[in-house]
Amino acid sequence: MRDIDLVSRLLSLQRPWRVERVALDPEERRIDVGLAHRRNASFRCPECGSRSPLYDHVPTRSWRHLDHGGFRTWLQIQLPRVTCPLHGIRRVGVPWALPGSRFTIAFERHAIDVLLETDVLGGTRLLGISWDEAWNIMERAVARGLRAKKRRVIARLGVDEKAVAKGHRYVTLVCDLDRATVEYIANDRKQVSLDAYYRSLSKRQLAGIEAVAMDMWEPFVASTVAHVPDGESKIVFDRYHIMKHMTEAVDQVRKSEHRRLHAEGDETLKGTKYLWLYSEENLPESSRGRFAALRALNLKTGRAWAIKESLRDLWDYRRRGWALRHWKHWYFWATHSRLKPMVKVARMIHGHLDNVLTYFDHRITNATSEGLNSKIQTIKKTLMVSAMGSI
Ligand SMILES: [Zn+2]
């Protein structure tokens with residue numbers, strides 16, 4: 001009897017709900033708390049709030065609650081259903097959980113606290129929940145945060161994918177490029193990941209989207225075309241993502257050339273990786289001398305670097321026609337370079353050229369997500385903190 005009292009107090013249950021039994025399983029290190037409602041209790045319809053007669057009880061449902069003394073704790077109840085004259089037979093709402101959740105509100109708050117302090121993988125270990133459950137808690141928190149926000153139109157969006165959990169998982173980020181804020185974060189980088197964002201928008205918000213900067217990634221393209229009116233013409237494969245592909249290609253050229261030189265006992269390229277990744281004006285002063293000497297050597301890597309640097313000029317043109325002329329020269333040069341990684345990226349860009357040149361209509365780039373590149377933690381926190389107010 002006494003543990004029933006204790007648990008009732010821990011849960012701060014209000015009438016008509018009460019604890020009926022508490023079962024502790026030392027083997028499984030788990031506590032099952034059986035709940036019930038008082039007889040003669042009256043309930044309200046979850047839709048309209050009017051008092052409605054009890055109809056029946058549905059099979060037992062459980063919610064994960066906060067651990068007690070290291071024991072996983074579950075609340076269980078056969079939920080009553082009411083018959084509302086207006087809404088028919090409905091399951092009643094419960095004060096300890098949000099609709100549709102398999103966790104109690106107390107557990108969700110705790111989980112959010114934990115997830116704010118660690119990454120998702122760490123959170124799953126500390127909380128004893130799966131990756132998907134952790135994501136679900138976060139996504140629902142973020143969705144509540146979004147609903148609480150004012151429904152403003154965001155004209156220029158940036159969509160980006162980020163690797164998390166040591167590259168085993170991806171998330172999709174949607175940024176407001178003008179305000180440099182993160183608007184949405186979703187599990188994975190599939191079409192459904194981005195669909196979920198667009199579906200959260202009103203017709204007016206969808207129609208207000210003027211341009212969407214993104215990588216050449218088909219699921220994001222498909223989602224944008226499906227949801228944004230005239231989406232095709234609003235997609236911009238942006239400078240940031242294209243240059244990322246170029247930089248990776250230069251790095252591949254460097255790697256294979258270094259391997260070949262190294263085999264001949266030539267260490268010219270050793271320790272030069274980061275020098276080739278800089279754009280010309282960002283090269284640190286202290287490395288300029290060394291870099292100039294390297295460039296004078298007529299290396300394949302030097303040629304790849306020059307091709308990459310020349311592509312950057314594309315976005316400096318004021319008119320699409322001039323940019324297109326630059327592109328044609330550049331494309332010929334890149335595809336005749338006999339540097340396979342460069343040829344490959346050049347062809348990929350060529351295949352998407354229409355939506356690269358939409359830049360000259362919209363002039364956007366994913367600079368926001370570039371800045372946020374290493375800050376996935378901060379992003380998540382911003383969103384979840386804004387969501388915290390709503391439970
Ligand atoms: Zn009703």
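We count ligands from 1, going down the list as the structure has it; atoms in each ligand are counted the same way.
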Classify the angle between the aromatic ring planes of H37 and H57 as parallel (below 30°), tilted (30 to 60°) or perpendicular (above 60°).
-> parallel

Is it true that E281 and R312 have a side-chain N and a carboxylate O under 4.0 angstrom from each other?
-> yes

Check: S130/D132 side-chain N/O donor and acceptor closer than 3.5 Å | no

Do any N or O atoms from the side chain of S310 and from the backbone of A306 form a donor-acceptor pair under 3.5 angstrom?
-> no

In terms of side-chain geometry, is the basic nitrogen of K234 or D361 positioned less than 4.0 Å from the acidic oxygen of its partner?
-> no

Mutual orientation of the aromatic rings belonging to Y331 and H350 [parallel < 30°, tilted 30-60°, perpendicular > 60°] | parallel

Return the set of protein N, O or S atoms whose distance to the Zn ion (ligand 1) is under 2.8 Å, each given as residue and atom.
-> C45 SG, C48 SG, C84 SG, H87 ND1

